[in-house]
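Lettering follows sequence order; numbering is per chain, from 1.
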Number of protein chains: 2
Amino acid sequence: MPSAGEDMDTWIEQDRTDRTSGAKRTRTSPDTGTLGKAVAVLDVVAQAERPMRFRDLREVIGQPPGTLHRQVSNLISEGLLQVNPDQSYGLGLRLLQFAARAWSGNRFREIAEPHLAALHDKTGETVHLGVLSDLEVIYLDKVESRQAVRMHSQIGNASPCYCTGVGKAALSALPTEDVEARAARIDFHRHTEHTLADAAALGAELADIRAAGIAYDREEHETGIHCVAAPIWSHDRSFVGGISVTAPSYRIAMAQLEHWADDVRAAAAAINADIEIRLGPRA
Amino acid sequence: MPSAGEDMDTWIEQDRTDRTSGAKRTRTSPDTGTLGKAVAVLDVVAQAERPMRFRDLREVIGQPPGTLHRQVSNLISEGLLQVNPDQSYGLGLRLLQFAARAWSGNRFREIAEPHLAALHDKTGETVHLGVLSDLEVIYLDKVESRQAVRMHSQIGNASPCYCTGVGKAALSALPTEDVEARAARIDFHRHTEHTLADAAALGAELADIRAAGIAYDREEHETGIHCVAAPIWSHDRSFVGGISVTAPSYRIAMAQLEHWADDVRAAAAAINADIEIRLGPRA
DNA sequence: AATGACGTTCCACTATATGGAATAAACGTG
DNA sequence: CACGTTTATTCCATATAGTGGAACGTCATT
């Protein structure tokens, strides 16, 4: 049993007996066979900075040309991958379609939506909804004042859990053993001078957050941006996430964030109550 | 060679010698093996109206329990699928992450963006960017006045090509043989009383559109909504799409749309020029 | 025109997905 | 509350489907 990090998979066991016994398991998930290799390709294309052509892919993936070619062909046939006019690869449009459904079909998002809107009305600042996915927070929704900044710039994006309000709030909803297991795998990159430095600092911070029911991001991810956040969770904690009110520090003082804490906490509590009702044990 | 419909796959041939010789090929893509089965599962979950539990999936997919279970397990491990608290399946968050990248990394969208904004400034109405994907239009971007309507409600969504402005514009950029091949596969559902009834009507309409360089949707998809659209394309027509200005007919008269036609055509021409420069043969 | 790099196809081989059956867990019901 | 029934999960021999080396096109480069 490799790691006890994932507890949202209790229903379906995912670790199968490791056939390739001494194989290097870098980071990527318990053997998912052909599918795993396929999404590995997608991942490379998704993560890539510069345009990736066949040769570039080959270099990163390390598969022989014949094999890679077929994998890529299949992905293209399925619409998950595209060839740009300049023969570089891009993610396929089918992923957009899937995501549109994933988003609109997401029960958490649906339930949280009105509460986010209310919170935005009350504060006038940007409100986020995010859920924890392993070591990252994925933003599911966003309500903001000026539409100038595009919604898509955030939705679906992932940020580290240890330096965001939503991330720390989400972690605070997990049992400490679980947090410790995850923390051990975190690469604590120092984004700003306020970024938490290590697992110990995170653990201490989380204790405070649990006590208060509120998490602050004090410019820990991006200089000049801070936020108040509160945790939300499903009845069995298989999902944990959070909501936050984010603002630029030059305009909104820390004191103001603290003043909003009650509203944020209340909104989160309301969401949790709704979740309990609509997704609870006896839903 | 089964069908001449897909010409955006010339670079990578996707039809492999059919091992299962007399197999029924309903509609889904030329044998993509394990991957194909996996996305078939995703598709079922995505398309599903009611919540799908294991049993429901099994019924639709028609795979034996053991097999389906492993496929589902793998999808879950990869984050492409999730189990909701009520043990129904939903699309995974990883799809959101991929989509965020697919969107921000899309060259077409990137190039078109400023032109869409300009067109919106000029008209004050909602502007769309969509690309043709087989028989459907997938919306890549949207600029609208009131932010009340959520962006996500459209982005990534697919609409039929035969009853939307963008769709008809896109088709008009394809060679007639190609259009005919696709038209033969279209199910001409009568969304409104103005919806084109069959392939012949579509063909005639497309001739007009080609001549004018402008397509109208005269409440053909949704009653009370009409639009002006113009085609855009890549140098080799491997991608075709369109941009449109959409408005409710009660507020904006047809005459006004016709008045905007020149602007729409000009914007599309500008996008095409940009594409030629930045994605052209000698990019 | 010749060279070389890159991409694609082919086919014997074997790793991997398959599905039937057996097991376990959840569910409803008398 | 125990029973039968439905639904989900595990296991394993088998065969299918993915693999990768090598041979073949194809395009750019000198």
Side-chain angles (χ1 to χ4, degrees), chain A residues 1 9-23 29-41 51-78 81 83-89 236 281-283, chain B residues 1 9-23 28-41 51-78 81-89 236 281-283:
Chain A
M1 189 150 288
D9 290 322
T10 46
W11 186 62
I12 290 205
E13 282 302 331
Q14 79 280 47
D15 43 328
R16 308 160 66 199
T17 46
D18 223 2
R19 277 186 264 262
T20 55
S21 50
S29 51
D31 187 16
T32 51
T34 307
L35 180 64
K37 291 165 197 162
V39 317
V41 171
M52 298 287 265
R53 291 204 325 292
F54 189 88
R55 212 192 79 113
D56 307 309
L57 266 187
R58 188 163 151 28
E59 210 162 291
V60 182
I61 306 277
Q63 298 263 29
T67 300
L68 180 59
H69 182 265
R70 183 180 34 73
Q71 291 171 338
V72 164
S73 298
N74 287 341
L75 285 169
I76 291 175
S77 290
E78 291 297 337
L81 206 62
V83 250
N84 295 325
D86 63 344
Q87 293 207 337
S88 67
Y89 294 107
D236 60 352
R282 296 282 136 223
Chain B
M1 188 148 292
D9 292 321
T10 45
W11 186 60
I12 290 204
E13 282 303 330
Q14 80 279 49
D15 43 327
R16 307 160 66 199
T17 46
D18 224 4
R19 276 186 267 260
T20 56
S21 49
T28 20
S29 49
D31 187 18
T32 49
T34 307
L35 179 65
K37 291 164 198 163
V39 317
V41 172
M52 298 288 264
R53 292 202 325 293
F54 189 88
R55 174 65 166 48
D56 308 307
L57 267 187
R58 187 161 150 27
E59 208 163 292
V60 182
I61 306 279
Q63 298 263 27
T67 300
L68 180 58
H69 183 265
R70 183 180 31 73
Q71 291 171 339
V72 165
S73 298
N74 287 341
L75 285 169
I76 292 175
S77 290
E78 291 297 337
L81 206 62
Q82 285 181 336
V83 252
N84 296 325
D86 63 343
Q87 292 209 339
S88 66
Y89 295 106
D236 59 353
R282 298 280 137 225

What's touching nucleotides 20-26 of chain D from the protein side, N or O pairs under 3.5 Å?
unit_1 : atom_1 : unit_2 : atom_2 : d
D:dG20 : OP2    : A:Q63  : OE1    : 3.0
D:dG20 : OP2    : A:T67  : OG1    : 3.2
D:dG20 : N7     : A:T67  : OG1    : 3.3

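Interatomic distance, NE2 of A:H69 versus OG1 of A:T67, reported as 11.5 Å (0.5 Å rounding). The distance from atom CG of A:L81 to atom OG of A:S73, rounded to the nearest 0.5 Å, is 10.0 Å.
Using a 4.0 Å cut-off, some side-chain N or O of A:T34 falls inside it from OP1 or OP2 of C:dA17. Dashed line: the shortest gap from a side-chain N or O of A:H69 to OP1 or OP2 of C:dT8 is under 4.0 Å. The side chain of B:Q71 places an N or O atom within less than 4.0 Å of a non-bridging phosphate oxygen (OP1 or OP2) of C:dT18.
Contact check for B:I76 versus B:Q82: no side-chain heavy atoms found under the 4.5 Å cut-off.
One atom, CG of A:L35, and another, P of C:dT16, lie 14 Å apart when rounded to the nearest Å. Taking atom CZ on B:R58 and atom P on D:dA8, their separation rounds to 10 Å, with Å as the unit. Atom CG of B:L57 is separated from atom C1' of D:dT7 by 13 Å (rounded to the nearest Å). With rounding to whole Å, A:F54 atom CZ is found 8 Å from C:dT8 atom C1'. Atom CG of A:N74 and atom C1' of C:dT8 are 14 Å apart (whole Å). Taking atom CG of residue A:L68 and atom C1' of nucleotide D:dG18, one finds them 13 Å apart after rounding to whole Å. Atom P of nucleotide D:dA28 and atom CZ of A:R55 are separated by 16 Å, given to the nearest angstrom.
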Please report, to 0.1 Å, the donor-acceptor pairs under 3.5 Å made by any side chain of residues 56-66 of chain B, with sequence neighbours excluded.
unit_1 : atom_1 : unit_2 : atom_2 : d
B:D56  : OD2    : B:R53  : N      : 2.7
B:R58  : NH1    : B:Q63  : O      : 2.9
B:E59  : OE1    : B:R55  : NH1    : 2.6

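One end of the helix from C:dT8-D:dA23 to C:dG30-D:dC1 points its axis 50° away from the other end's axis, with each axis taken from 5 pairs and the angle rounded to 10°.
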Where do B:L68 and B:V41 land on the side chain to side chain contact (heavy atoms under 4.5 Å, CB included) test, with the steps shown first?
CA-CA 9 Å; B:L68 180 58; B:V41 172; 4.2 Å; yes

